[in-house]
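Working notes, beginning with the structure itself.
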Protein chains: 2
Amino acid sequence: MARLDRAAVLAGAWAFIEEHGIDALTMRKLATSLGVNHGTLYWHVDNKQALTDALADDLLSGVADETGSGAQGSDRLTELAHRLRSALLSHRDGARVLAGTFVRQPNTLAFGEAAIGAALAAGVPAAEAVLAAFSVQYYVMGFVIEEQAAYELARDESRNNGRGPIDAASYPNVYAGLATLRKMPRDSQFAYGLTRLVAETGR
Amino acid sequence: MARLDRAAVLAGAWAFIEEHGIDALTMRKLATSLGVNHGTLYWHVDNKQALTDALADDLLSGVADETGSGAQGSDRLTELAHRLRSALLSHRDGARVLAGTFVRQPNTLAFGEAAIGAALAAGVPAAEAVLAAFSVQYYVMGFVIEEQAAYELARDESRNNGRGPIDAASYPNVYAGLATLRKMPRDSQFAYGLTRLVAETGR
DNA sequence: ACCTGAACACCGTTCAAGT
DNA sequence: ACCTGAACACCGTTCAAGT
């Protein structure tokens, strides 16, 4: 058996999350899935919170890289938003993993740096660039948390049990709205708010 | 000792969260704080997840009510966004409590109903009203999650240990941006993205 | 340098039995 | 109708001891 290292622990954690979800992740079950005594994990990782923080930053690795698309300014900001969403979606429960961590880590910072830079390049005044960039970030996080929540709900029908469908009489707007969304690709739903948020950028 | 009921359990849970945060909440400690054997809680509440779901809906109670402000259309949508943020901020870790629950509950639905209604009244085409309303919701959730994360970080300096301040040389935009934000009221930061998101609504 | 084994102080949930 | 007490199957974390 190859000896474990930190990277293997992270990879094992992602594999576990893919299969069972973040809520099921425990140090002991992770250790078992890696074929190791659970005490061993604490050699590679300070504690469970540190593991989660590492996963969060891992999620964002490469998101802020240059893409060669040549996108500039507000187009680059839009591109970054799409790349952030893709990164969060690349692992089950990705958005919740990131939302659960308060930490300023390299890849999180690199994303902020790139997003603010894009806003500046779009002509946003220096005093507003952070606001524009962070607003986009908030939107993406909120969107994907909801998106992945829907995936989890679909995966586990039992969670919806006893609740039934939405009462069209009490909530006609929601009822009709959800019907609309069901006919629409997620990408288009995502683009809707993003476009409007970025439209004002650089004017 | 007055007998417990479901409302008292919820109130006790909020009091506990106010003092120790959501991560510290356990059924056993909550029971102790209520002066009751921990098995007792399961008489009032199905399990911990059901308790959390109930807290989440409790958080949103009254948010979608009429305010008598007479705000209509996009103004009403803006008002709802502010009221949602206030509700999330009204309890420690409020945004995370809500984000952790997948459930469609009465007050969540009532908020969506009101927000879509406001978008429609603002002249948004029926096919887009959900998108406009939900986009605002995503933004608010993302914003307040970050906002409350900052409060938690300030409360527990130890979590930031060994990290130090942001490296101005590596992340000049972030460094300058955070300085800008520090001089700005949270309300103004919140309004920035919200205004831009709602500006396109009803055009 | 990496891992095991065992211990410690916790968890959520269930359920007979009490009042 | 509400609560206790005890049990069951788990947790995260630490740390001497092994290789």
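We name chains A, B, ... by the order of the sequence lines, and we start the count at 1 in each one. We use all heavy atoms of the structure for the numbers below, so side chains are in, but hydrogens, waters and symmetry mates are not.
- Between the CE atom of Met27(A) and the C1' atom of dC10(C) there is a distance of 16 Å, rounded to whole Å.
- Nearest to the side chain of His38(A), among dT13(C), dT13(D), dC3(D), sits dT13(D).
- For Leu34(B) and dC2(D), the CG to C1' distance is 14 Å, given to the nearest whole Å.
- At a threshold of 4.0 angstrom between heavy atoms, the contacts of Thr26(A) are confined to the sugar-phosphate backbone, with no base atom among them.
- Ring geometry for Phe143(B) against Tyr139(B) counts as tilted: the plane angle lies between 30° and 60°, on a 0 to 90° scale.
- OP1 or OP2 of dC2(D) sits under 4.0 Å from a side-chain N or O of Trp43(B).
- With the nearest nucleotide of DNA chain D identified for both Gly39(A) and Lys29(A), Lys29(A) has the one nearer the 5' end.
- Rounded to whole Å, atom P of dT19(D) lies 20 Å from atom CG of Leu4(A).
- Look at His44(B) and you'll find a side-chain N or O under 4.0 angstrom from OP1 or OP2 of dC3(D).
- What separates NZ of Lys48(A) from P of dT13(D) is a distance of 8 Å, to the nearest Å.
- Comparing dC11(C), dT13(D), dC3(C) by their nearest atom to the side chain of Arg28(B) picks out dC11(C).
- The cationic group of Arg92(A) does not satisfy the cation-pi geometry with Tyr151(A), failing either the under 6.0 Å distance to the six-membered ring centre or the 45° limit from the ring axis.
- Taking atom CG on Leu51(B) and atom P on dG12(C), their separation rounds to 10 Å, with Å as the unit.
- Around CD of Gln72(B), the count of heavy atoms belonging to other residues, nucleotides or ligands within 6.0 Å does not exceed 12.
- For the pair Tyr42(A) and dT14(D), the criterion of a side-chain N or O lying under 4.0 Å from OP1 or OP2 is not met.
- The distance from atom CG of Leu25(B) to atom C1' of dC11(D) is 16 Å, rounded to the nearest whole Å.
- Note on Asn37(B): a base of the nucleic acid sits closer than 4.0 angstrom, heavy atoms only.
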